[in-house]
Visitor: 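This is the structure I want to talk about, given as structure tokens.
Only this structure's heavy atoms are used, side chains among them; waters, hydrogens and symmetry mates stay out.
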Amino acid sequence: MQVIPCTEAQLDIIAELFNDYRIFYEQASDLPASRAFIEKNLKQQRSKIFLLLDDNGTPTGFSQLYPAVCSLMLRTYYYLSDLYVVKSARRNGHARYLMNYITKHFTRDGAQRLTHFVIHSSPEPEARDRT
């Protein structure tokens, strides 16, 4: 597996994965809106997006993190907003691999911490990538 930081070169791939992620959480499919949202985040550098590739180079997931500031520690931290793995790659360690990567990446980058929000009412709890 490999994780790569996304640029506009991966926009179409990430937009499809992001649209699938939204569908997973029972949002209506809207690829143009998903693409526009991701494009704006990339162009304005509002978030950091990472693409997960399997051993064959096939996109299998992504994560999106937003920066924030811890004023007491005088350091940036990141909020893990989105993490998604395609159904065919779930339960095979893909989500764990991606989490380990972003944890190491932001630790090396000097982030004060990573935080995330878990949606407890996922429509398919058995489909999550439990690794």
Visitor: Just to verify, what does Phe37 make a ring pair (Phe, Tyr, Trp, His ring centres under 6.0 Å) with, not counting sequence neighbours?
Guide: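 Applying ring pair (Phe, Tyr, Trp, His ring centres under 6.0 Å) to Phe37 gives Phe18.
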Visitor: Using the side chain to side chain contact (heavy atoms under 4.5 Å, CB included) criterion, which residues pair with Asp54? Sequence neighbours excluded.
Guide: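 Applying side chain to side chain contact (heavy atoms under 4.5 Å, CB included) to Asp54 gives Asn56, Thr58, Thr60, His94.
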Visitor: May I ask whether Leu31 and Ile13 are part of the same hydrophobic cluster, defined by side-chain heavy atoms of I, L, V, M, F, W, Y residues being less than 4.5 angstrom apart, directly or through others?
Guide: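 Per the 4.5 Å side-chain linkage, Leu31 and Ile13 are not co-clustered.
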Visitor: Just verifying a value: how many Å separate Lys48 NZ and Leu42 CG, rounded to the nearest 0.5 Å?
Guide: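 That separation rounds to 11.0 Å.
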Visitor: Using the test salt bridge (Lys or Arg N to Asp or Glu O under 4.0 Å), find all partners of Asp12 that sit at least two apart in sequence or belong to another chain.
Guide: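 Salt bridge (Lys or Arg N to Asp or Glu O under 4.0 Å) list for Asp12, sorted by chain: Arg35.
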Visitor: Can you name the side chain to side chain contact (heavy atoms under 4.5 Å, CB included) partners of Leu53, sequence neighbours left out?
Guide: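 By the side chain to side chain contact (heavy atoms under 4.5 Å, CB included) rule, Leu53 matches Gln2, Ile4, Leu51, Pro59.
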Visitor: Can you tell me how far CE of Met1 sits from CZ of Arg96, rounded to the nearest 0.5 angstrom?
Guide: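 It comes to 10.5 Å.
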Visitor: First locate atom CD of Gln27, then atom OG of Ser34, and finally report the distance between them rounded to the nearest 0.5 Å.
Guide: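 Here the interatomic distance stands at 10.0 Å.
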Visitor: My understanding is that only residues two or more places apart in sequence, or in another chain, count here; which of them pass side-chain hydrogen bond (donor to acceptor under 3.5 Å, both in side chains) with Ser88?
Guide: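 Ser88 satisfies side-chain hydrogen bond (donor to acceptor under 3.5 Å, both in side chains) with no residue once adjacent residues are dropped.
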Visitor: Any side-chain to backbone donor/acceptor pair from Ser47 onto Ile49? Under 3.5 Å, distance only.
Guide: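 Pair absent, no side-chain N/O of Ser47 close to backbone of Ile49.
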Visitor: Under the rule for side-chain hydrogen bond (donor to acceptor under 3.5 Å, both in side chains), what residues qualify as partners of Asp82, not counting sequence neighbours?
Guide: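 Expected list: Tyr21, Gln64.
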Visitor: Determine, step by step, whether Tyr84 and Arg90 satisfy the side chain to side chain contact (heavy atoms under 4.5 Å, CB included) criterion, reporting the C-alpha distance in whole Å, the side-chain angles of both residues, the deciding distance to 0.1 Å, and the verdict.
Guide: CA-CA 9 Å; Tyr84 178 73; Arg90 292 183 192 142; 3.3 Å; yes
Visitor: So, do Leu65 and Pro67 sit near enough that their side-chain heavy atoms are less than 4.5 Å apart?
Guide: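 Counting from C-beta outward, Leu65 and Pro67 never come under 4.5 Å.
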Visitor: Measuring from Leu52:CG to Ser63:OG, what's the distance to the nearest 0.5 Å?
Guide: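 If we round to the nearest 0.5 Å, Leu52:CG and Ser63:OG are 8.5 Å apart.
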Visitor: Calculate, to the nearest 0.5 Å, the distance between atoms NZ and CG belonging to Lys43 and Leu11 respectively.
Guide: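 Those atoms lie 8.5 Å apart.
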Visitor: Output all residues satisfying side chain to side chain contact (heavy atoms under 4.5 Å, CB included) with Gln45, sequence neighbours left out; order by chain, then residue number.
Guide: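 Scan of Gln45 (side chain to side chain contact (heavy atoms under 4.5 Å, CB included), adjacent residues dropped) gives none.
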Visitor: Rounded to the nearest 0.5 Å, what's the gap from SG on Cys6 to CG on Leu17? Could you check?
Guide: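 Cys6 atom SG to Leu17 atom CG measures 9.0 Å (nearest 0.5 Å).
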Visitor: Who are the side chain to side chain contact (heavy atoms under 4.5 Å, CB included) partners of Ser71, not counting sequence neighbours?
Guide: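 Ser71 satisfies side chain to side chain contact (heavy atoms under 4.5 Å, CB included) with no other residue.
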Visitor: For the ring pair Tyr101 and Phe50, is the centre-to-centre distance below 6.0 Å?
Guide: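 Yes; Phe50 has its ring centre under 6.0 Å from that of Tyr101.
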Visitor: Using the side-chain hydrogen bond (donor to acceptor under 3.5 Å, both in side chains) criterion, which residues pair with Glu16? Sequence neighbours excluded.
Guide: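 Result, side-chain hydrogen bond (donor to acceptor under 3.5 Å, both in side chains) vs Glu16: none returned.
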